[in-house]
Structures are given as C-alpha cells and as structure tokens.
Amino acid sequence: GIPMRESQNRTLVERGAGPVEDRLVRELPRLLPPSLLVVNDTRVIPARLRAEKATGGKLELLLVALLAVMVVMVFGNVVLRYGFNSGITVSEELSRWAFVWMTFLGAIVAIKENGHLGTDMLVGRLGPTGKKVCLAIAETGMLYCTWLIFSGSLAQTRISWDVEAPVTGWSMAMLPIAGLVFAVSAALFHLLKLGRLVTGKLREDELVTVQESEDLAHIKQEQEGTK
C-alpha cells in the first residue's frame, strides 16, 4: 500500500522576504488556497555520492590502522591485567612502535597539506615578494632540519640494526627507520615547493604555509564580524 505521509516534514517558504518554517504534510489544505491543486509526480531516484580526497588518503588510513593497534594493545592489556590477571606480552613494544611511526607519518601528512600550526602575523603583512623570500628561507631551513633528522636516524639505524627487541625479537632499527622515511618524504615535499617557488608556479595564497590554531581563527572571525 501507499505509506502514510501526513507526518512528514515539509519546508514552507513565503514569497518575498518571508520566513522559512517547518510544516507537516497534513497542514497543506490549510496553507494552500482553496482553488490551488498541487500534483506531485516526482519520484526518488536511488543515487550515491562518492567523495575522494585529492591526496588519496592512503597514508591517513595507515595512521588510523596504527591508532587502532595502539588502542587495542593498550586497552586490551589493561582489561586483561585487572580483570583476568594476564596480559598481552607484546603490547608495550607494539604500541610504542606504532606511536613512533604514527607520529612521523602524521608529520608527513601535515607537511604535504600545510597543516602545521604557526602564525602569519608577520608574513601576512608583507607583499608577494616578501612572502616569497620568507618562504624560501623557511623551506631552506626545513631542508636543513630534514638533513639533521636523516643523518641522525641513519646513524641510529646502523647502531641498532643487530639489536633485538626484548619481547618480539625484532630489530630495534624499526624505530629510527621511521625517521628516515619522514626525512626523505619531507625533503621531497620541500624541494618540490622550492621548485614551484623558483619557477613562479605558486599562487599568492600558497606563499603562507602555516595553519593558525582554531581558537585564533575563531577570534579573527569574530573581529571581522564586528567591523
């Protein structure tokens, strides 16, 4: 049979500058003029809207997986310890390794999406040339920092390559290798941005590569609204 639609909501919009109200289908006879007949022969077409992140989101999925491993290991170990007087032997090592890798991989995502927190109090007041100079200095400094991370991580990898973890027996080099992955990936992103800057392919809105905190952004919006 035909489903009852009397209790379904409908939006009432008055012509002109009238208010927008939520009404029920059963109220239509009272709202419409007596001589007006409305015939609705539309039907709902099954549809699905697919959305995909421009960056692919595969690295973000890996971060979610690492976070899930941490939660399961830590929470499960606590429950087993206090509830059943037992525990997961490898939980401490695995959760610690997952945390280290999640930190470095998350930093890669932040660099790629310009998600690191900062302030544009000075750079925002400069013209395009000043912003380009500041960006070149910042990217060069970050390249030097990635080199320091790379050299330190490489040295630690060589030292700990033959050192086994106490519980899992895996190589302890798994920890500094995360630093190597971050350093190489970050260096590639910084070099790519410097190349776009030198060739003039960066837009003006891309010259400021920091994100302000949510609180500061909210304060700025309130200040602009009061003007």
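- Hydrophobic clustering (side-chain heavy atoms under 4.5 Å, transitive across Ile, Leu, Val, Met, Phe, Trp, Tyr) keeps Leu188 apart from Met142.
- The heavy-atom pair separating Ala183 from Thr146 by the smallest distance is CB-O, 3.5 Å.
- Clustering of Ile, Leu, Val, Met, Phe, Trp and Tyr by side-chain heavy atoms under 4.5 Å joins Val133 with Ile137.
- Under the side-chain contact (heavy atoms from CB on, under 4.5 Å) criterion, Arg96 pairs with Glu92, Glu93, sequence neighbours left out.
- For the atom pair Leu191 CG and Leu143 CG, the distance stands at 5.0 Å (nearest 0.5 Å).
- Residue pairs that meet the side chain to side chain donor-acceptor pair (under 3.5 Å) test with at least one member in residues 179-188, sequence neighbours left out, do not exist here.
- Side-chain atoms of Trp101 come within 3.5 Å of backbone atoms of Met174 as a donor-acceptor pair (strictly under, hydrogens ignored).
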For residues 62-74, which side-chain donor-acceptor pairs fall under 3.5 Å, sequence neighbours excluded?
none

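- Closest approach of Ser160 to Ser171, counting heavy atoms only: O-OG, 3.4 Å.
- Not counting sequence neighbours, the partners of Lys193 by the side-chain hydrogen bond (donor to acceptor under 3.5 Å, both in side chains) test are Asn114.
- Applying the side-chain contact (heavy atoms from CB on, under 4.5 Å) rule to Tyr82 yields the partners Val78; only residues at least two apart in sequence or on another chain are considered.
- Applying the side-chain contact (heavy atoms from CB on, under 4.5 Å) test to Thr157 and every residue at least two apart in sequence or in another chain returns Trp161, Ala173, Pro176, Ile177, Leu180.
- For the atom pair CZ (Phe189) and CG (Leu194), the distance works out to 14.0 Å, reported to the nearest 0.5 Å.
- Partners of Glu164 according to the salt bridge (charged side-chain N to carboxylate O under 4.0 Å, His left out) rule, which considers only residues two or more places apart in sequence or in another chain, do not exist here.
- With a 4.5 Å cut-off between side-chain heavy atoms of Ile, Leu, Val, Met, Phe, Trp and Tyr, the cluster of Leu192 takes in none.
- Side-chain N or O atoms of Ser153 include none that pairs as donor or acceptor with a backbone N or O of Phe150 at under 3.5 Å.
- Residues passing the side-chain hydrogen bond (donor to acceptor under 3.5 Å, both in side chains) test with Glu139, sequence neighbours excluded: His190.
- Annotation: ring-ring contact (aromatic ring centres under 6.0 Å, His included) contacts involving residues 169-188, sequence neighbours excluded, comprise Trp97-Trp170, Phe104-Phe182.
- Looking at residues two or more places apart in sequence or on another chain, you find a side-chain contact (heavy atoms from CB on, under 4.5 Å) between Ile159 and Gln156.
- Considering every non-hydrogen atom in both Val181 and Ile108, the closest pair reads O-CD1, 4.0 Å.
- Ser151 places a side-chain N or O within 3.5 Å of a backbone atom of Leu148 that can act as its donor or acceptor partner.
- In the hydrophobic cluster analysis, where Ile, Leu, Val, Met, Phe, Trp and Tyr join through side-chain heavy atoms closer than 4.5 angstrom, Leu175 is grouped together with Phe99.
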